[in-house]
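The structure displayed is predicted, hence computed values, not measured ones.
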2 protein chains.
Amino acid sequence: MALAAVRSGSPARQPRERGQGGQTQQSLKSAQTRARLIDATIRCIVKVGYANTTTPQVAAEAGLSRGAMLHHFENGSALIKAAIVELHEKRLRAFRRAADTENHDVDALVRAYWRQLQKPAFVAFHELALAARTHADLAKILQPLQVEYRERFNAQAVALFPEWQGDRERFDLAMALSQTMLEGMAINVLTGAMAESMVEPMLGLLEDQIRAMNPKLSKGGRAKSAKDQPD
Amino acid sequence: MALAAVRSGSPARQPRERGQGGQTQQSLKSAQTRARLIDATIRCIVKVGYANTTTPQVAAEAGLSRGAMLHHFENGSALIKAAIVELHEKRLRAFRRAADTENHDVDALVRAYWRQLQKPAFVAFHELALAARTHADLAKILQPLQVEYRERFNAQAVALFPEWQGDRERFDLAMALSQTMLEGMAINVLTGAMAESMVEPMLGLLEDQIRAMNPKLSKGGRAKSAKDQPD
DNA sequence: CTCAAGAAACAATCATGTTTGTTTTTGATG
DNA sequence: CATCAAAAACAAACATGATTGTTTCTTGAG
């Protein structure tokens with residue numbers, strides 16, 4: 001797909017009535033088609049990888065002709081950018097959802113984030129993140145989103161663990177630990193560098209470690225050993 | 001580069017006098033050129049990513065014409081395969097070297113592996129591993145190497161920590177923890193998902209965790225807190 | 001009737017594998 | 001010892017296939 005510079009400010013032909021307000025049926029259909037294309041792009045990235053995600057691929061996946069697709073996005077790059085934004089918002093939404101519905105204890109949150117990482121959005125994002133290493137244009141788009149993601153992650157966690165804020169340094173460390181370990185596991189499972197049978201014990205280990213780092217929880221929490229995990 | 005099936009058993013024109021024994025000057029130069037090409041391939045993967053590593057790229061990087069290159073490797077795929085094998089052996093060599101020269105305490109080994117992950121070989125291997133997710137041919141080559149790597153990793157560690165073998169389950173867990181965390185950190189730093197300032201504290205944290213898991217070391221080892229790391 | 005949605009055809013670019021040509025090494029022979 | 005032919009190293013040109021952006025064309029809604 002290659003993602004080159006896009007003439008800013010002129011998407012192929014954005015309907016003039018923007019936003020969620022009352023639209024004509026045309027602009028509504030247009031929005032639907034745009035969404036369908038963005039979804040198809042993400043599916044393609046997951047299915048064949050970012051590098052092999054071509055415009056014909058995406059068009060086929062969306063059930064449209066390439067011409068129709070370029071009518072909505074004028075450019076392969078524009079499509080990729082839109083997909084990135086959508087992915088980013090997807091991740092943030094999933095965050096908020098998890099924080100709202102789940103139990104707010106360590107185990108539940110670790111498991112919630114782990115489940116999060118099993119979803120296609122993570123695969124797609126990692127594909128993009130790695131491609132950005134050698135693609136300056138991609139990196140320029142992705143970097144601010146990575147920063148925002150990390151900030152939201154931490155902000156969410158701060159809200160969830162108010163009692164932890166006494167030792168902010170240790171808290172940040174625990175957050176980085178969780179992120180690193182879970183994402184590292186996800187990638188290692190993805191690439192076959194780690195056996196899946198290791199996942200459960202590792203999750204337990206991480207939970208123990210987090211509890212051990214928490215100044216408050218370390219007293220009340222059970223000092224679970226790494227081996228009494230249920231199957 | 002794309003890596004398709006390669007007619008087995010017929011490299012472009014392997015010199016008939018194989019091995020390291022006495023060769024004619026031609027076959028020696030041939031071996032040199034092959035090595036130069038393999039090196040160029042790895043450099044390309046690191047520089048522009050696996051997806052954008054094309055045959056002209058590699059030839060240019062090696063200072064050869066594409067024709068000359070295809071004389072030695074007949075195929076882009078053959079080159080990739082050779083590069084993979086070379087990378088694998090590089091990683092194993094680095095392993096053995098570290099195990100021979102370094103101090104055999106937890107800190108030294110953690111740092112040694114961390115340094116290992118900063119080298120280009122790791123970047124290249126991760127590029128390949130991720131590409132393999134969507135490339136069946138690549139996966140078929142990489143998978144056995146991944147298995148062997150893990151086995152060597154563990155075997156090396158077993159030899160280094162004989163006192164640990166009482167609780168094999170916990171030992172395996174500690175190994176998986178180290179690998180996951182260090183590789184996860186390396187990738188997260190690579191993709192900008194993690195601030196570099198977090199590296200040092202995280203290394204310390206990992207070392208503490210490993211020590212805490214060791215039945216023997218946990219008594220003798222200093223119960224270092226996560227914050228008394230030197231800068 | 002006018003404009004947007006959607007489709008199809010087109011030229012340009014690029015990587016790949018193949019084929020053909022040129023130089024250098026090697027070792028065999030007169 | 002000089003020479004020559006075969007093979008290998010290296011280079012260049014070619015044809016093919018795929019992707020990209022552009023342009024032209026049809027259809028349906030407002």
Side-chain angles (χ1 to χ4, degrees), chain A residues 1-7 10-18 22-37 40-41 44 48-80 137, chain B residues 1-7 10-18 22-37 40-41 44-45 48-80 135 137:
Chain A
M1 193 86 93
L3 184 103
V6 178
R7 306 193 276 293
S10 75
R13 204 141 288 164
Q14 197 115 29
R16 353 190 217 320
E17 312 198 36
R18 303 225 43 218
Q23 286 102 343
T24 164
Q25 296 180 9
Q26 262 191 56
S27 74
L28 192 137
K29 186 173 188 185
S30 174
Q32 277 181 333
T33 305
R34 283 176 69 91
R36 219 168 75 214
L37 281 167
T41 305
C44 270
V48 304
Y50 169 73
N52 307 329
T53 295
T54 67
T55 34
Q57 277 264 348
V58 173
E61 181 79 26
L64 284 182
S65 78
R66 218 171 65 86
M69 156 178 166
L70 290 193
H71 173 74
H72 286 276
F73 279 97
E74 100 158 326
N75 212 338
S77 310
L79 189 58
I80 292 287
D137 308 301
Chain B
M1 195 82 98
L3 185 104
V6 177
R7 305 193 276 295
S10 75
R13 204 142 288 164
Q14 198 116 27
R16 356 189 216 320
E17 313 197 33
R18 305 226 42 220
Q23 285 106 344
T24 164
Q25 297 178 9
Q26 262 190 39
S27 75
L28 191 138
K29 186 172 187 184
S30 175
Q32 278 181 331
T33 305
R34 283 176 69 91
R36 221 169 71 215
L37 281 167
T41 305
C44 270
I45 292 177
V48 305
Y50 169 74
N52 308 328
T53 294
T54 67
T55 34
Q57 278 264 346
V58 173
E61 180 80 24
L64 284 182
S65 78
R66 219 171 64 88
M69 156 178 165
L70 290 192
H71 172 74
H72 287 276
F73 280 98
E74 101 158 325
N75 214 338
S77 311
L79 189 59
I80 292 288
H135 249 74
D137 308 301

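Between N75(A) and dG21(D) there is a side-chain polar atom (N or O) within less than 4.0 angstrom of OP1 or OP2. Between H71(B) and dA9(D) there is a side-chain polar atom (N or O) within less than 4.0 angstrom of OP1 or OP2. Contact check, T54(B) against dC14(C): no side-chain N or O comes under 4.0 Å of OP1 or OP2.
Of all heavy-atom pairs between L79(B) and M69(B), the closest is CD2-CE, 3.3 Å. The two residues A62(A) and L37(A) make their nearest non-hydrogen contact at CB-CD2, 3.7 Å. The minimum heavy-atom distance between R34(B) and H72(B), with the atom names listed, is NH1-O, 3.2 Å.
A straight line from CE of M69(B) to P of dT18(C) spans 13 Å, rounded to a whole angstrom. Straight-line distance from the CZ atom of R34(A) to the P atom of dG6(C): 12 Å, rounded to whole Å. As a whole-Å value, the separation of E74(A) CD from dT20(D) P is 15 Å. One can place CD of Q32(B) at 13 Å from P of dT25(C), the figure rounded to the nearest angstrom. In this entry the distance linking CG of L79(A) with P of dT20(D) reads 11 Å, nearest Å. The separation between F73(B) atom CZ and dT18(C) atom P is 16 Å, rounded to whole Å. The interatomic distance linking N52(B) (CG) with dC14(C) (P) rounds to 14 Å, in whole Å. Between the CG atom of L70(A) and the C1' atom of dG21(D) there is a distance of 7 Å, rounded to whole Å.
A distance of 6.5 Å separates NE2 in H71(B) from OG in S30(B), rounded to the nearest 0.5 Å.
Side chain of R66(A) to main chain of T55(A): no donor-acceptor pair is present (N/O by atom type, distance under 3.5 Å, no hydrogens or angles).
Listed by chain and number, the residues in a side-chain hydrogen bond (donor to acceptor under 3.5 Å, both in side chains) with Q57(B) amount to none (sequence neighbours excluded). Taking the side chain to side chain contact (heavy atoms under 4.5 Å, CB included) definition, one finds that A51(B) meets it with A51(A), sequence neighbours left out.
In the set dA9(D), dC10(D), dT20(D), the nucleotide with an atom closest to the side chain of M1(A) is dT20(D).
Near DNA chain C, meaning a heavy atom under 4.0 Å away, the residues from residues 55-66 of chain A are L64(A), S65(A).
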